[in-house]
*Asks:* 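I'd like to ask some things about the structure below.
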Amino acid sequence: MGTLAIIVGIICLCSQAFGVSAQNTDSVNGNNTRCYDQLGCLDLGPPWYTPKRLVPVPGSIEDVGTDFQLFSRHFEGSVVVNEWPNVSIERNVNVTFNLPIVVIIHGFYASAKGDWLHELKDAYLEKKDVNVLIVDWSEGAAPPKYLLAVSNTRVVAREISRVLRYFSKQGANLSETHCIGHSLGAHICGYVAKELKAEGTLIKECTGLDAAQPGFELADESVRLHEGDAKFVVGIHTNAAPLIPFLGFGIMRQFGDVDFYFNEQVTQPGCVRNSAAEAVANITDLTDLAAVPWEFVAEHSACSHGRACLYYIEAIKGPCVFWGQRLPDIERILTKVPVLNRLMPFANDQCTNDTCIPVGFDTSRYSYRGAAFVRTNSQPNFCDPEEAKQIWSGDRFNLLSPFSS
C-alpha cells in the first residue's frame, strides 16, 4: 500500500503538522476553554496543551459523533441509547437499570464494529449479569489526525459521564461501574472516572488495554489513566516500548494498582514475520519511519498493540488463567534499552500468594500490587494451562486458581 499519512499522524508529536487546528476555534473562549452545551467547558491550557503536547482544539459534538449501544441478558440484540437532546432509550425494552454497568471503548482508527468489543461483551455477559455499554466514537477517532483524536477523547468522556448519570437517575449504582478501554479508549476511561470521582462517586474499576503512549507517556497524571481514578486500576501492556525507534504504541510506565506486562512487552509472539522485523530494524527518526511500508508497520506494531484485547477476552472467558509474576522495579527496567524484549529474567521464578496475581475478574482479590510479568502462547488459545502449573506447584496451584472452584 505504501506509506500512509496515518502513521505520521500517530507519531508526529514533535511537529505542528497535526497540532493546533483552526477547526472550531470560533468556539474557544477568551479564557482558553472550549464549552459545550450540557457538557460543560474543557480547559485548553496546561497540562492539556504544552510545548511537548501540541494537541488541537477538540472537535464539536457533531464531529466526534459518539454513539451508544446497550446490551444485556434481559433483552435480545442491542438498544440504542440516544444522547441528544436528552438521554433516552430508543425502543421499548425492559432495561434493568440497577445492574452494574460495563463500559467498553475502542481507540484510534477503530469503531464499535470491531470484533473484540463484541467478543468481550459476550464473554462478560456469559459470566456476569450486567448492562454493557459499547461506545462508538469512530468519527472522532478517524485518521489521519491522531492528535485531534487525542483531544476528542475528552469530549467522549463527558458524553459517557452524561449517559451514566442518566442510568444513575434510573437506579444504577455507578460505584459498581467497570470501564474497559483500548489505546485512547483507556484514557477515556480515566477521564470518566476522574469526572465521577470529582462528583463523589468512585467507580469500581478501570482496565487500560495497552493504553495509548503518544501524547500520554510523559503527561501529567490528570491527562491520562492513573492509579486512584477508580477503586482499582489495571494496566494490560503488550506494546510497551519507545515509539522511536521501537514503534511502541502502548504506554510504558506503570499506571495502575496492577500492571501486567505480557511476554517481552515490545512485540508479542506470533505478530512479526522476519520481513517486517527487518523493515523496521533501522528506524531512528520520523524520516526513517515514513520510508517504511504501512503494511510492515501495521504488522510490527498494530498486532502487538491489539493483543491486549485478545488476552483480556481469554482471561474473562476462562477457564485457563493468565498468571502474573511479580516484576520488581519496573520503571528502572523499562528505561534500560538492552532489557527491552527481555523481561522474563526479572520475574519471580515461583509463585506465592503474595507475588503472583491472575488477570481478569479476580485480580483485585489478590494481595499483590505492582508490575507483573505474564507469558502466553503465540496463537489462540493464548493462555497455557501448563505454564500456570510450572509456576505453581500441584495442590497449591489448584487451591489458588480463581477458576478452580
Side-chain angles (χ1 to χ4, degrees), residues 66-81 89-91 93-107 110-138 141 156 160 163-164 167 172 176-186 188-189 192 203-210 232 234 236 238 260 262 268 302-303 305-322 358-364 374 376-377 379-385 401-403 405:
T66 308
D67 292 319
F68 298 86
Q69 282 186 298
L70 177 65
F71 299 84
S72 169
R73 291 178 175 180
H74 300 276
F75 53 80
E76 294 292 329
S78 65
V79 173
V80 172
V81 180
I89 303 299
E90 185 173 79
R91 62 188 176 94
V93 296
N94 182 25
V95 176
T96 309
F97 284 102
N98 62 356
L99 295 175
I101 301 170
V102 179
V103 183
I104 306 177
I105 314 168
H106 65 79
S111 76
K113 296 179 181 179
D115 291 343
W116 77 266
L117 294 96
H118 295 275
E119 289 178 19
L120 179 56
K121 172 259 298 179
D122 292 341
Y124 215 114
L125 287 173
E126 179 69 23
K127 299 288 184 179
K128 305 277 188 180
D129 190 9
V130 296
N131 286 321
V132 178
L133 272 175
I134 292 184
V135 182
D136 190 319
W137 63 292
S138 52
V156 179
I160 294 171
V163 170
L164 290 178
F167 273 72
E176 293 299 309
T177 300
H178 183 185
C179 190
I180 306 167
H182 175 240
S183 195
L184 288 180
I188 294 175
C189 281
V192 172
I203 70 171
K204 180 180 179 180
E205 184 173 337
C206 287
T207 302
L209 304 177
D210 215 34
F232 199 67
V234 176
I236 306 290
T238 55
F260 294 100
F262 277 74
Q268 295 302 303
C303 174
H305 192 42
R307 277 288 180 88
C309 307
L310 304 184
Y311 295 156
Y312 194 67
I313 290 167
E314 280 200 17
I316 294 301
K317 284 181 176 180
C320 184
V321 182
F322 290 110
V359 182
F361 288 129
D362 292 294
T363 303
S364 63
V374 185
T376 76
N377 292 326
Q379 58 187 0
N381 295 317
F382 294 109
C383 185
D384 184 358
S401 170
F403 291 104
S405 59

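Note that the coordinates shown come from a computational prediction; the quantities given were computed from them, not determined experimentally.
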*Asks:* Using modelled atom types and a 3.5 Å cut-off, is there a donor and acceptor pairing between side-chain atoms of Trp137 and backbone atoms of Ala112?
*Replies:* no

*Asks:* Walk me through it: do Leu164 and Val103 pass the test side-chain contact (heavy atoms from CB on, under 4.5 Å)?
*Replies:* CA-CA 10 Å; Leu164 290 178; Val103 183; 4.3 Å; yes

*Asks:* If you apply the rule side-chain contact (heavy atoms from CB on, under 4.5 Å), what do you find for Asn131 with Phe71, and how did you get there?
*Replies:* CA-CA 6 Å; Asn131 286 321; Phe71 299 84; over 6 Å; no

*Asks:* So, the side chain of Thr376 versus the backbone of Cys383: is there a donor-acceptor pair under 3.5 Å, distance only?
*Replies:* no

*Asks:* Considering residues at least two apart in sequence or located in another chain, which fulfil the ring-ring contact (aromatic ring centres under 6.0 Å, His included) criterion with Phe382?
*Replies:* Tyr311

*Asks:* If you compare all heavy atoms of Gly107 against all heavy atoms of Ser183, which two are closest, and at what distance to 0.1 Å?
*Replies:* CA-CB, 4.3 Å

*Asks:* Applying side chain to side chain donor-acceptor pair (under 3.5 Å), can you list everything that pairs with Thr177, at least two apart in sequence or on another chain?
*Replies:* none

*Asks:* Please step through side-chain contact (heavy atoms from CB on, under 4.5 Å) for the pair Leu120 and Val132, ending with a clear verdict.
*Replies:* CA-CA 10 Å; Leu120 179 56; Val132 178; over 6 Å; no

*Asks:* How many angstroms lie between CD1 in Ile105 and CG in Leu133, if you round to the nearest 0.5 Å?
*Replies:* 9.5 Å

*Asks:* Look up atom OG in Ser72 and atom CD1 in Ile101, then write down how far apart they are to the nearest 0.5 Å.
*Replies:* 11.5 Å

*Asks:* Name all residues meeting the side chain to side chain donor-acceptor pair (under 3.5 Å) criterion together with Ser138; count only those two or more places apart in sequence or in a different chain, and write none if there are none.
*Replies:* Asp136

*Asks:* Give, for atom CG of Leu117 and atom CD1 of Ile313, the distance between the pair rounded to the nearest 0.5 Å.
*Replies:* 8.0 Å

*Asks:* Taking only residues two or more places apart in sequence, or in another chain, which ones meet Asp67 in a side chain to side chain donor-acceptor pair (under 3.5 Å)?
*Replies:* none

*Asks:* Check for me whether Lys128 meets the cation-pi criterion with Phe361, that is, NZ or CZ under 6.0 Å from the six-membered ring centre and within 45 degrees of the ring axis.
*Replies:* yes

*Asks:* For Lys127 and Arg73, which heavy atoms make the closest approach, and how far apart are they?
*Replies:* C-NH2, 3.5 Å

*Asks:* So, using side chain to side chain donor-acceptor pair (under 3.5 Å) as the criterion, who are the partners of Gln69 when residues are at least two apart?
*Replies:* Ser78

*Asks:* Go through the steps to decide whether Val234 and Tyr312 satisfy the test side-chain contact (heavy atoms from CB on, under 4.5 Å), and finish with yes or no.
*Replies:* CA-CA 11 Å; Val234 176; Tyr312 194 67; 5.8 Å; no

*Asks:* Who passes side-chain contact (heavy atoms from CB on, under 4.5 Å) against Ala308, sequence neighbours left out?
*Replies:* Leu209, Asp210, Ile236, Thr238

*Asks:* Sequence neighbours excluded, which residues qualify as side-chain contact (heavy atoms from CB on, under 4.5 Å) partners of Glu176?
*Replies:* Pro100, Asn173, Lys204, Lys231

*Asks:* Taking disulfide (SG to SG under 2.5 Å) as the test, write out the residues that go with Cys189, two or more places apart.
*Replies:* Cys179

*Asks:* Flag the pair Val81 / Ile89 as yes when at least one side-chain heavy-atom distance between them is below 4.5 Å, and no otherwise.
*Replies:* yes

*Asks:* Contact between Phe322 and Phe262 at the side-chain level, heavy atoms closer than 4.5 Å - yes or no?
*Replies:* yes

*Asks:* Look up atom CD1 in Ile104 and atom SG in Cys309, then write down how far apart they are to the nearest 0.5 Å.
*Replies:* 10.0 Å

*Asks:* side-chain contact (heavy atoms from CB on, under 4.5 Å) with Val80: which residues, sequence neighbours excluded?
*Replies:* Asn82, Glu90

*Asks:* Can you run down the side-chain hydrogen bond (donor to acceptor under 3.5 Å, both in side chains) pairs that involve residues 116-126, sequence neighbours left out, and say none if there aren't any?
*Replies:* Tyr124-His178

*Asks:* Is the His305 ring parallel, tilted or perpendicular to the His182 ring (thresholds 30°, 60°)?
*Replies:* tilted

*Asks:* Could you pull out all residues at least two apart from Thr96 that satisfy side-chain contact (heavy atoms from CB on, under 4.5 Å)?
*Replies:* His74, Asn98, Leu99

*Asks:* Roughly how far, to the nearest 0.5 Å, is the NE2 atom of His106 from the OG atom of Ser111?
*Replies:* 6.0 Å

*Asks:* Checking Arg91 side chain against Val79 main chain: does a donor-acceptor pair fall under 3.5 Å?
*Replies:* no

